[in-house]
K.L.:
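Dropping a structure here in structure tokens format, bear with me for questions.
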Amino acid sequence: MNQILFSTSWCIPFYGLIGALLTLPWAIGLIRRTGPRPAAYVNWLATFLAFIHSLFVFVDIWNTEPQSFLFTWFKAADFELSFALEISPISVGTTVFITGLSLLALTYALGYMEKDWAIARFFGLMGFFEAALSGLAISDSLFLSYALLEMLTLSTYLLVGFWYAQPLVVTAARDAFWTKRVGDLLLLMSVVTLSTIAGSLNFSDLYEWAQTADLNSTTSTLLGLGLIAGPAGKCAQFPLHLWLDEAMEGPNPASVMRNSLVVAGGAYVLFKLQPILALSPVALNALIVMGTVTAIGASLVALAQIDIKRAMSHSTSAYMGLAFLAVGMQQGGVALMLLLTHAIAKALLFMSSGAVIFTTNTQDLTEMGGLWSRMPATTTAFVVGSAGMVTLLPLGSFWAMLGWADGLALVSPWVVGVLVVVNSLTALNLTRLFRLIFWGQPQPKTRRTPEVGWQMALPMVTLTIMTLLLPLMLQQWYLLPDWESINWIVVTLLVSSGALGIGVGSNIYLHKAWSRSRVLTWRFLQDLLGYDFYIDRLYHVTVVSIVAVLSKISAWSDRYLVDGFINLIGFAAIFSGQTLKYSVSGRSQGYLLTILVGISLLGFLISWSLGLLNTLPF
């Protein structure tokens, strides 16, 4: 039985894909009598089977060596395009995590999307999401990883635009799709380049090639920057970061997956590209700069948001920035641990915020308050998720950041400063959210708010327990540092930064009567952060304006130069034909004479050109 499960472990991603396909009869309206809900159960069952399958395989191969499956996709003459799948404790453990979190998100969606008429389409798209993520986890091929990242881009577009009747939703889906396309296009260029100069796109072959590769600085720099661009778009990193907060217009169960797993998928691909990125110091420095700017900038922007989901989406960009910074510092293990702890805590935070949105029918923080006594399970989930995000002992993010800062405290102390700043700002933002949502006096939309049903409460309680037990799991996996080697100065800095953020957030003045400060200085700062440092307007003034001008020039040239020239030739042909018809005599002798004159001229031109060629010196 174990051998059968292991030999078929490569088909784990197909569970979600099959579940998505089985929902089509309900999604496109072929089956109406039963309503759309059976489609949700079919997709849930497919995800459950994927979770059980991957769990059995994970237990079976825990202490075994990684193995690979190689599939030839295309072969012609001496060209062969294949892709490999890696079955190892890390890759299969990642699929267990993905399918388990997907199962919780689908259970949560059964309650959240209960009254939505398009629930079958939603569950089908979620199955598509899960299939791409599971395939990405076991992929050992850059070619396959690129294709799966494209699946994630398409899934994001469809899920963000799920409620397509709303203009803002359509705009958000379009911006998310085109922003990611910019990064994907540059990534595709690098994939094609690697296939040419390395001869293979399987990661194991690329690692061997990178050990002896001798590239000039220009090639390695352009190659590294192209490889970074794709994950930067997926992880909403500067300057491709504006789409993630707009994507919060989609259904909240999709936001749970997007902010915990989908963004981590891009960072996971970046982690696997580390040996190739090491060929270019410029690419590593770009990762460091990009991650640092995004981590600090997004943490600041989150403080000025009054939309509950957008306030937390910016913190997602910030923590992905920390992951980019870790890869740029060649600390891949730290990046993976940070992705794990962030995914669990952020999924819990989005589930709790979704419960608030579901019961209050609003995402505006100024319309909330006093929910702690009315929604105890949701309040507990939000508090535990917030604690799991910042460095509060003994939860997971503390150990991830400690393992990173402890090793770089003497080598690169500025990294510890970045962690302290981001951690403090995150704690401040989450404390602000807690006070606006759960503390204070009840507002008109929160006075009669009930707790959510069991379909939404069960995943929240499960993730709450997982967040609390995560340090024990890390200890079982030997990922916790030895107490004797801990730098207590770093521990003090990390814990103090979290306590400082909580303290400031607990005492800062918050007033629900206005969403903007009446003090001019604070209003300017709030607008600067609230509008994301006006980067979108800067893009409109520069990039968008330049593209618009070039488009107008291209349209003018097409209309008046290209089309004008072709229309001129056509008009000349018509005019000459109309003119010739009045000079026709109707006599065959005249036609024959015209033909002979034409042939004579053609022969003269050919002979003249041949004589000219003979006179040339070569």
Side-chain angles (χ1 to χ4, degrees), residues 79 81 83 136 139-150 152-153 177-243 263 265-295 317 320-321 323-332 335 535 538-539 542-544 546-547 550:
F79 177 75
L81 188 59
F83 57 86
L136 199 63
S139 171
D140 194 38
S141 166
L142 182 57
F143 167 71
L144 180 59
S145 297
Y146 174 79
L148 294 172
L149 287 176
E150 292 297 287
L152 289 178
T153 299
F177 182 79
W178 286 116
T179 302
K180 288 188 174 186
R181 293 308 302 150
V182 173
D184 291 343
L185 179 60
L186 296 175
L187 177 60
L188 177 60
M189 293 179 182
S190 296
V191 170
V192 174
T193 303
L194 271 178
S195 67
T196 303
I197 61 179
S200 175
L201 289 176
N202 295 333
F203 284 117
S204 55
D205 297 332
L206 290 175
Y207 297 160
E208 294 181 4
W209 168 81
Q211 293 177 0
T212 58
D214 185 18
L215 302 177
N216 60 63
S217 59
T218 302
T219 302
S220 62
T221 298
L222 294 177
L223 179 63
L225 294 178
L227 293 174
I228 291 172
K234 295 293 183 295
C235 298
Q237 297 296 289
F238 176 84
L240 303 177
H241 65 291
L242 296 176
W243 67 270
V263 292
Y268 183 74
V269 172
L270 190 71
F271 161 77
K272 302 195 77 171
L273 290 171
Q274 276 187 113
I276 305 169
L277 296 176
L279 297 174
S280 171
V282 176
L284 295 179
N285 291 331
L287 280 175
I288 293 173
V289 173
M290 183 185 299
T292 303
V293 170
T294 306
S317 294
M320 292 303 104
F324 270 57
L325 177 58
V327 174
M329 300 291 293
Q330 298 290 286
Q331 300 285 325
I535 294 178
L538 179 63
Y539 283 166
T542 55
V543 178
V544 176
I546 293 174
V547 172
L550 293 176

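Atoms considered below: every heavy atom in the structure, side chains included; atoms not considered: hydrogens, waters and symmetry mates.
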K.L.:
Restricting to side-chain hydrogen bond (donor to acceptor under 3.5 Å, both in side chains), what partner residues turn up for S145, sequence neighbours left out?
P.N.:
S139
K.L.:
Does a side-chain heavy-atom distance below 4.5 Å link L273 with V327?
P.N.:
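No. Closest side-chain heavy atoms not under 4.5 Å.
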K.L.:
Residues two or more places apart in sequence or in another chain: which of them pass side-chain hydrogen bond (donor to acceptor under 3.5 Å, both in side chains) with E150?
P.N.:
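So E150 forms a side-chain hydrogen bond (donor to acceptor under 3.5 Å, both in side chains) with R181.
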K.L.:
According to side-chain contact (heavy atoms from CB on, under 4.5 Å), who are the partners of L240, at least two apart in sequence or on a separate chain?
P.N.:
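Partners of L240 by the side-chain contact (heavy atoms from CB on, under 4.5 Å) criterion, ordered by chain and then number, come out as T179, V182.
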K.L.:
Can you tell me how far the OG1 atom of T294 sits from the CZ atom of F324, to the nearest 0.5 Å?
P.N.:
8.0 Å
K.L.:
If you compare all heavy atoms of Q237 against all heavy atoms of S317, which two are closest, and at what distance to 0.1 Å?
P.N.:
NE2-O, 3.1 Å
K.L.:
Quick check: closest heavy atoms across A286 and L225, and the distance to 0.1 Å?
P.N.:
CB-CD2, 3.8 Å
K.L.:
Name all residues meeting the salt bridge (Lys or Arg N to Asp or Glu O under 4.0 Å) criterion together with D205; count only those two or more places apart in sequence or in a different chain, and write none if there are none.
P.N.:
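Not a single residue meets the salt bridge (Lys or Arg N to Asp or Glu O under 4.0 Å) criterion with D205.
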K.L.:
Can you name the residues that form a side-chain contact (heavy atoms from CB on, under 4.5 Å) with S217, not counting sequence neighbours?
P.N.:
none
K.L.:
With sequence neighbours left out, which residue pairs that include part of residues 219-231 fulfil the side chain to side chain donor-acceptor pair (under 3.5 Å) condition?
P.N.:
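For residues 219-231, and leaving out neighbouring residues, the side chain to side chain donor-acceptor pair (under 3.5 Å) pairs sorted by first residue read N216-T219.
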K.L.:
Quick one: which residue pairs count as a ring pair (Phe, Tyr, Trp, His ring centres under 6.0 Å) with a foot in residues 194-241, not counting sequence neighbours?
P.N.:
F238-H241
K.L.:
Taking all non-hydrogen atoms of both residues, which atom of A326 and which atom of A335 are closest, and how far apart?
P.N.:
CB-CB, 3.9 Å
K.L.:
Rounded to the nearest 0.5 Å, what separates atom CG in L284 from atom CD in Q330?
P.N.:
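Reported value, rounded in 0.5 Å steps: 5.0 Å.
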K.L.:
Taking all non-hydrogen atoms of both residues into account, name the closest pair between L136 and G265 and its distance.
P.N.:
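Taking L136 first and G265 second, the nearest heavy atoms are CD2-O, 3.6 Å.
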K.L.:
Could you list the donor-acceptor pairs under 3.5 angstrom formed between side-chain atoms of residues 226-235 and any protein atom two or more places apart in sequence or on another chain?
P.N.:
from: K234; atom 1: NZ; to: T153; atom 2: OG1; distance (Å): 3.0
from: K234; atom 1: NZ; to: D184; atom 2: OD1; distance (Å): 2.6
from: K234; atom 1: NZ; to: D184; atom 2: OD2; distance (Å): 3.1

K.L.:
Please report the interatomic distance CG(L188) to OG1(T193), rounded to the nearest 0.5 Å.
P.N.:
9.0 Å
K.L.:
Taking side chain as C-beta onward, heavy atoms only, is I197 less than 4.5 Å from L215?
P.N.:
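I197 vs L215: side chains touch.
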K.L.:
Only counting residues at least two apart or in another chain, list the ones meeting ring-ring contact (aromatic ring centres under 6.0 Å, His included) with F177.
P.N.:
Y157
K.L.:
Any heavy-atom pair between the side chains of D140 and S204 that's under 4.5 Å?
P.N.:
yes
K.L.:
Go through it in stages, so that I can follow the logic: the residues are L223 and L279, the test is side chain to side chain contact (heavy atoms under 4.5 Å, CB included), and I'd like the CA-CA distance, side-chain angles, deciding distance and then a yes or no.
P.N.:
CA-CA 9 Å; L223 179 63; L279 297 174; 5.5 Å; no
K.L.:
Please find the pair of heavy atoms, one from M320 and one from V263, that lie closest to each other, and give the distance.
P.N.:
SD-O, 3.8 Å
K.L.:
With rounding to the nearest 0.5 Å, note down the distance linking CG in L149 to NZ in K180.
P.N.:
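Going from the CG atom of L149 to the NZ atom of K180 covers 9.0 Å.
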K.L.:
Could you walk me through whether L277 and L270 pass the side chain to side chain contact (heavy atoms under 4.5 Å, CB included) check?
P.N.:
CA-CA 9 Å; L277 296 176; L270 190 71; 3.7 Å; yes
K.L.:
With sequence neighbours excluded, what pairs up with S141 under the side-chain hydrogen bond (donor to acceptor under 3.5 Å, both in side chains) test?
P.N.:
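Counting only residues at least two positions away or on another chain, S141 forms no side-chain hydrogen bond (donor to acceptor under 3.5 Å, both in side chains).
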